2 protein chains.
Amino acid sequence: MLSQAEENYLKEIYALGEETEELLSTNSIAKKMRTKASSATDMLQKLAGKGLVDYTKYKGTRLSKEGEAKAMAIVRKHRLWETFLVAKLGFSWDEVHDIAEQLEHIQSKTLTNRLDAFLEYPSHDPHGHPIPNTNGKIVASEGIILADLKINEKGVLVGVKNATDSLLKYLNKINITIGDTIKVLDIEPFDDSVTIDNNAQQITISGNVAKNLYIKYR
Amino acid sequence: MLSQAEENYLKEIYALGEETEELLSTNSIAKKMRTKASSATDMLQKLAGKGLVDYTKYKGTRLSKEGEAKAMAIVRKHRLWETFLVAKLGFSWDEVHDIAEQLEHIQSKTLTNRLDAFLEYPSHDPHGHPIPNTNGKIVASEGIILADLKINEKGVLVGVKNATDSLLKYLNKINITIGDTIKVLDIEPFDDSVTIDNNAQQITISGNVAKNLYIKYR
DNA sequence: TCTTTTTTTTAGATAAGCCTAAAAATATTT
DNA sequence: AAATATTTTTAGGCTTATCTAAAAAAAAGA
C-alpha cells in the first residue's frame with residue numbers, strides 16, 4: 001500500500017505529465033509538491049524502486065505504466081468526491097478542492113465504485129474535468145477552448161482548465177457556470193479579450209480566462 | 001491540528017472510559033491500540049502535554065474536558081459516515097467500520113455538518129449507537145439490553161453494544177436487523193439463552209448475544 | 001574550450017510514531 | 001515484611017518524509 005505522500009507525488013507527476021511529452025525535471029516536481037529538490041529526489045528514488053516511475057539520475061522522470069494506473073485511481077477518487085460534494089452536499093465548485101485532497105486517499109475500491117453509482121456515473125467533475133473509469137481510462141473528451149471560437153460561434157461550457165481558486169471565484173462572480181451556453185460577440189485583436197453573451201448578459205473576459213474555458217459545440 | 005494517531009488514541013480512550021469510572025491503565029490503552037505499552041506511554045505523555053488527557057505517571061489516564069470534546073467530534077464523524085455508507089451507498093452494517101475509520105479523520109467542520117443535514121440529522125448510526133451533535137453531546141438514550149427483558153415482553157431493536165464483525169455477521173445470518181420488533185418467548189435459566197420471536201421466526205440466541213442487543217419498549 | 005551558473009544528488013539531521021530491552025515503580029504472594 | 005511478579009517508564013533504535021549544506025553533474029556563457 002502507498003503512503004499519502006507517495007500518492008500525492010504520483011498524482012502531481014501525472015498532472016505535470018499532461019502538460020508535456022518530455023521527461024519531468026526533479027525541480028519541477030519539487031516545485032509542484034512545494035518541497036525541496038532533495039526531498040523530491042528521495043521520493044523519486046523510492047517510487048522508482050517500487051516500479052512506479054521511470055527515473056534516470058540527472059535526466060528526468062515519468063510515470064511507469066503501473067504508476068500511471070495508480071495516479072488515475074487517485075484522480076478518479078478526487079473527481080468523484082468533488083462531484084459528490086457539489087451535487088449532493090451543496091458545496092460550490094470553488095470550495096471542494098481541499099476536502100477532496102483528503103478524501104482521495106480513502107482506501108476502498110468498493111466505496112469508490114458505489115460512490116460512482118450513487119452519483120449516476122458522472123463523466124465530468126464540477127470543474128468539467130473528465131472522470132476516469134474503473135480501469136483508469138478517460139472516455140470523454142475535453143472539448144475546445146473558448147479562445148478558439150470565432151465571432152458569432154457558440155457552445156456550452158463543459159470545463160475549466162486550471163481550476164484555481166481565484167479563477168473559480170471570478171467565474172462565480174461574473175455568473176458563469178458549467179452548462180452555460182456562451183456565444184462569442186466580439187474579439188479584441190489587441191489583447192485577445194473576448195466579449196460573450198451568457199444568459200442574455202454581455203461580459204468581457206480576458207484572453208487568459210478565455211484560454212481556460214472548455215467549450216463544446218451544440 | 002491533531003495527527004491521525006493522536007485522534008485514534010483519543011477515540012479509543014473515550015471508548016474505554018465509557019466502560020469504567022476509574023483511571024485507565026497504560027496497558028489497557030496499549031492493548032486497545034494494538035501497540036506496546038511503551039508506545040502508549042509516549043503518546044499519553046504527548047497528549048498530556050497538549051492538555052488532552054490527564055495523565056499521572058504509574059497511576060493512570062483519563063480524557064480532559066478538551067480531549068473529550070475532540071473525541072466526541074471524531075465519534076460523530078465516524079457514526080455519520082457509517083450512516084452515509086449504509087443509508088446512501090447500500091453497504092451492510094458489517095462492512096462499514098474499516099472505511100469509517102478512515103473517513104473519521106477528514107478535516108472539515110462544514111463537511112461534517114452538511115453530511116449530517118444530507119442524512120437528515122440521524123440520531124443513531126447503523127449499529128444503533130447514538131450520534132453526538134455539533135456540540136459533542138449525545139441526546140438520545142441507548143435503551144435497555146435484551147437480556148433484561150422478561151418472558152412475553154417485547155420491544156424494538158435499536159442498537160448493538162459491541163459491534164464486532166463476527167456479531168454483525170451472525171445477526172445478518174439469523175436475519176436480525178435494527179428496527180426489528182422482538183418478543184421474548186423463553187429464557188433458559190441454565191445458560192441464560194433466550195428464545196425470541198422476530199418476524200414470525202423463532203430463534204434462540206445465547207445469553208452473551210442477548211447482552212449485546214439494545215431494545216426499546218414500544 | 002574553459003569558467004561560471006544552475007540543477008541534481010548525496011550526506012547528515014530532525015520529528016513522529018513505533019519497536020525492544022532494561023530500569024523503576026507498584027502489586028501480589030508467601 | 002520480604003520476595004516475586006507485573007506494570008509502567010525510560011533509553012536507545014528504526015523508518016518515513018522532510019530539511020540544510022555540500023558535492024557532483026549538466027548547462028550556459030565567455
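So you know, we letter chains A, B, ... as the sequences are listed, proteins then strands, and number each from 1. None of these values were measured; they are calculated from a predicted model.
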### Query
Taking only N and O in the side chain of A/Gln45, is any of them less than 4.0 Å away from OP1 or OP2 of C/dT8?
no
### Query
Under 4.0 Å: is that the gap between some side-chain N or O of A/Ser38 and OP1 or OP2 of D/dT18?
no
### Pair of N/O donor and acceptor under 3.5 Å linking C/dT7 base with A/Ser25 side chain
no
### Message
Mind checking if B/Thr35 touches a base, just sugar-phosphate, or nothing, with heavy atoms under 4.0 Å?
### Response
sugar-phosphate
### Query
When you match A/Lys57 and B/Tyr55 each to their closest nucleotide on DNA chain D, which lands nearer the 5' end?
B/Tyr55
### Query
Within the structure, does a side-chain N or O atom of B/Asn27 lie under 4.0 Å from either OP1 or OP2 of D/dT8?
yes
### Task
In whole angstrom, give the distance that lies between atom CG of B/Asp42 and atom C1' of D/dT15.
15 Å
### Query
Any chance the side chains of B/Asn113 and B/Arg76 put a donor and an acceptor closer than 3.5 Å?
yes
### Query
With sugar-phosphate meaning primed atoms plus P, OP1 and OP2, does B/Ala37 contact a base, only sugar-phosphate, or nothing at under 4.0 Å between heavy atoms?
base
### Query
Whole Å only: how far is the OH atom of B/Tyr9 from the C1' atom of C/dA16?
12 Å
### Protein-nucleotide distance (B/Asn8, atom CG; C/dC18, atom P), rounded to Å
9 Å
### Message
Can you tell me whether the side chain of A/Thr41 and the base of C/dT10 have a donor-acceptor pair closer than 3.5 Å?
### Response
no
### Query
If you check the A/Tyr58 side chain, which of C/dT8, C/dC18, D/dT9 turns out closest?
C/dT8
### Query
Any side-chain donor-acceptor pair under 3.5 Å between A/Asn27 and A/Ser25?
no
### Message
Salt bridge check, A/Lys70 against A/Glu6: does any charged N sit closer than 4.0 Å to a carboxylate O?
### Response
no
### Electrostatic pair B/Arg34-B/Glu12, nearest N-O below 4.0 angstrom
no
### Message
Tell me the interatomic distance from A/Leu23, atom CG, to D/dA27, atom P, rounded to whole angstroms.
### Response
12 Å
### Query
B/Ser39 near the nucleic acid: base, sugar-phosphate alone, or nothing, with a heavy-atom cut-off under 4.0 Å?
base
### Distance, rounded to the nearest Å, where A/Lys36 contributes NZ and D/dA21 contributes C1'
12 Å
### Task
Using whole Å, report how far CD of A/Gln4 lies from P of D/dT16.
16 Å
### Task
Nearest whole angstrom, please: distance from the P of C/dA15 to the NZ of B/Lys50.
14 Å
### Task
Would you please say whether a donor-acceptor pair under 3.5 Å links the side chains of B/Asn172 and B/Trp93?
yes
#### Entry: Between D/dT8 (C1') and B/Met43 (CE): distance, integer Å
17 Å
